[in-house]
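In what follows, a single structure is set out as structure tokens and then discussed.
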Amino acid sequence: MFVNRIHLKDYRNFENISIELNKNLNIFIGDNAQGKTNLLESIFVSSIGKSFRFSKDESLIRWGKEESLIKVDYSRDDGPKIINILIQKDSKKAIKTNGLTIERNSDLVGMTNIVVFSPDSLNLVKGSPSERRRYLNVELSQLKPNYKYLLTRYTKILLQRNNLLKKISEKPQHRNMMPVWNEHLVVSGTELIFYRLEYLKKVMFFSEKIHDRITGGTEKLNLQYKSSLGKINDLNKEEIKRTYYDKLNKGLEREIIRKATLYGPHLDDIDILINGMDSKYFSSQGQKRTAALSLILAEIDVIYEEKNEYPILLLDDVLSELDNKRKNYLIEFIDSIQTIITSTDDSDLLEILKNKEKKIFYLKNGEITRIIE
Ligand SMILES: Nc1ncnc2c1ncn2[C@@H]1O[C@H](COP(=O)(O)OP(=O)(O)O)[C@@H](O)[C@H]1O
Ligand SMILES: [Mg+2]
């Protein structure tokens, strides 16, 4: 899968540009605040339907304008996929693929696959548990349409159940409603957990090998799903459900006091271990960065295994942060997939990529000032 062309109109600091990308490697060079990340973000938006910067749709509209257009032409093995997103002030964004309107954002997700490695990726290792849950939710939503559906459902159930817990603390007779909500919660929560366990097994299979290669065999990377339900990693679905019911039954009094659901995938986490030690506390900045890189690259393999087609890799401002060994490994790794790199500096980059087929764009103030092919 690759992007052929990007067309942006009144999108962030781009007034109107249309660029054709190379199938393999594309490099965008420019000073700070010229629009490099904005450009990568537009590709992400065309794939996921929203920004990786957690910004509202409206913030994508060029300041002072009423609407913004993002059009990205993809080539997939099964043919072209043209994605058109129109964002207007005070109205719902309009998404079309190959000219046909898509009603729900979730129907867009999974049509194309993008993997991003940016300075923020480090938060995967050193950030809060919610960062890792978000990672799981975003990746699994791309791979499994049913996951996205379950997640939306689970979130609604959670909200209702929390409301009920609040009510019970005022009116105890509401307790008799709890079993119904417990059942809803356990059924969809267990499915979500099971998807996550399966996904992590795959990521681990690939990331372990990648990490071994990048570190020359000196570090062993390991992932463990850490659940609010306790030790469930080796349980089957029925056993997880039983554990879940048990936690809810035993923990009800605590939940009523806290007025919140204290068990389930909305509180789970992943332990990332390097040589058996929790990397969040016991690893250097460089080790964390390498672990994040291994996890992100493993995603590429997982997507390939699932979809039989490689995703597109976006590397935002990360090459300068890696030492030569890691840089070279990365360059070697991306040989078969379309990669879009941004950087402030070209000297070093052009040297290590000199033998690659590529297209280089110089970006200034939302405009392409020069292209080298
Ligand atoms: N909605 C918008 N309209 C116009 N300009 C914007 C908008 N959102 C962000 N910008 C501009 O984009 C710049 C940041 O661009 P960015 O892509 O993050 O730069 P970089 O090249 O450093 O990655 C900001 O300085 C801001 O001026
Ligand atoms: Mg940037």
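Whatever order the structure lists ligands and atoms in, that order sets their numbers, starting from 1.
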Shortest protein heavy-atom distance from [atom], along with the residue and atom involved:
atom: atom 8 (N) of ligand 1; value: Arg12 NH1, 3.2 Å
atom: atom 12 (O) of ligand 1; value: Asn38 ND2, 3.1 Å
atom: atom 26 (C) of ligand 1; value: Trp63 CH2, 3.5 Å

For atom 24 (C) of ligand 1, is the nearest protein heavy atom closer than 4.0 Å? no

Pairing of Glu208 and Lys220 as salt bridge, 4.0 angstrom limit: yes

Can Glu20 and Lys359 be counted as an ion pair, charged N to O under 4.0 angstrom? no

Taking atom [atom1] of [X] as the centre, does the number of heavy atoms from other residues, nucleotides or ligands within less than 6.0 Å exceed 12?
X: Glu367; atom1: CD; value: no
X: Glu183; atom1: CD; value: no
X: Arg258; atom1: CZ; value: no

Can an N, O or S atom be found in Thr37 less than 2.8 Å away from the Mg ion (ligand 2)? yes

Please confirm whether [X] comes within less than 3.5 Å of ligand 1 when only nitrogen or oxygen atoms on both sides are compared.
X: Leu60; value: no
X: Ala33; value: yes
X: Arg62; value: no

Taking the side chain as every heavy atom from C-beta outward, state whether [X] and [Y] have any atom pair closer than 4.5 Å.
X: Leu248; Y: Leu262; result: no
X: Asp57; Y: Val45; result: no
X: Thr290; Y: Lys325; result: no

Can Leu39 be reached from Ile372 by stepping across I, L, V, M, F, W or Y side chains whose heavy atoms are under 4.5 Å apart? no

Ligand-residue contact atoms, ligand 1 with [X], heavy atoms, under 4.0 Å:
X: Asn32; answer: 22 (O)
X: Asp31; answer: 21 (O)
X: Gln34; answer: 19 (O), 20 (P), 21 (O)
X: Arg53; answer: 16 (P), 18 (O)
X: Ile61; answer: 1 (N), 2 (C), 3 (N)

Has Gly30 got any heavy atom lying under 4.0 angstrom from an atom of ligand 1? no

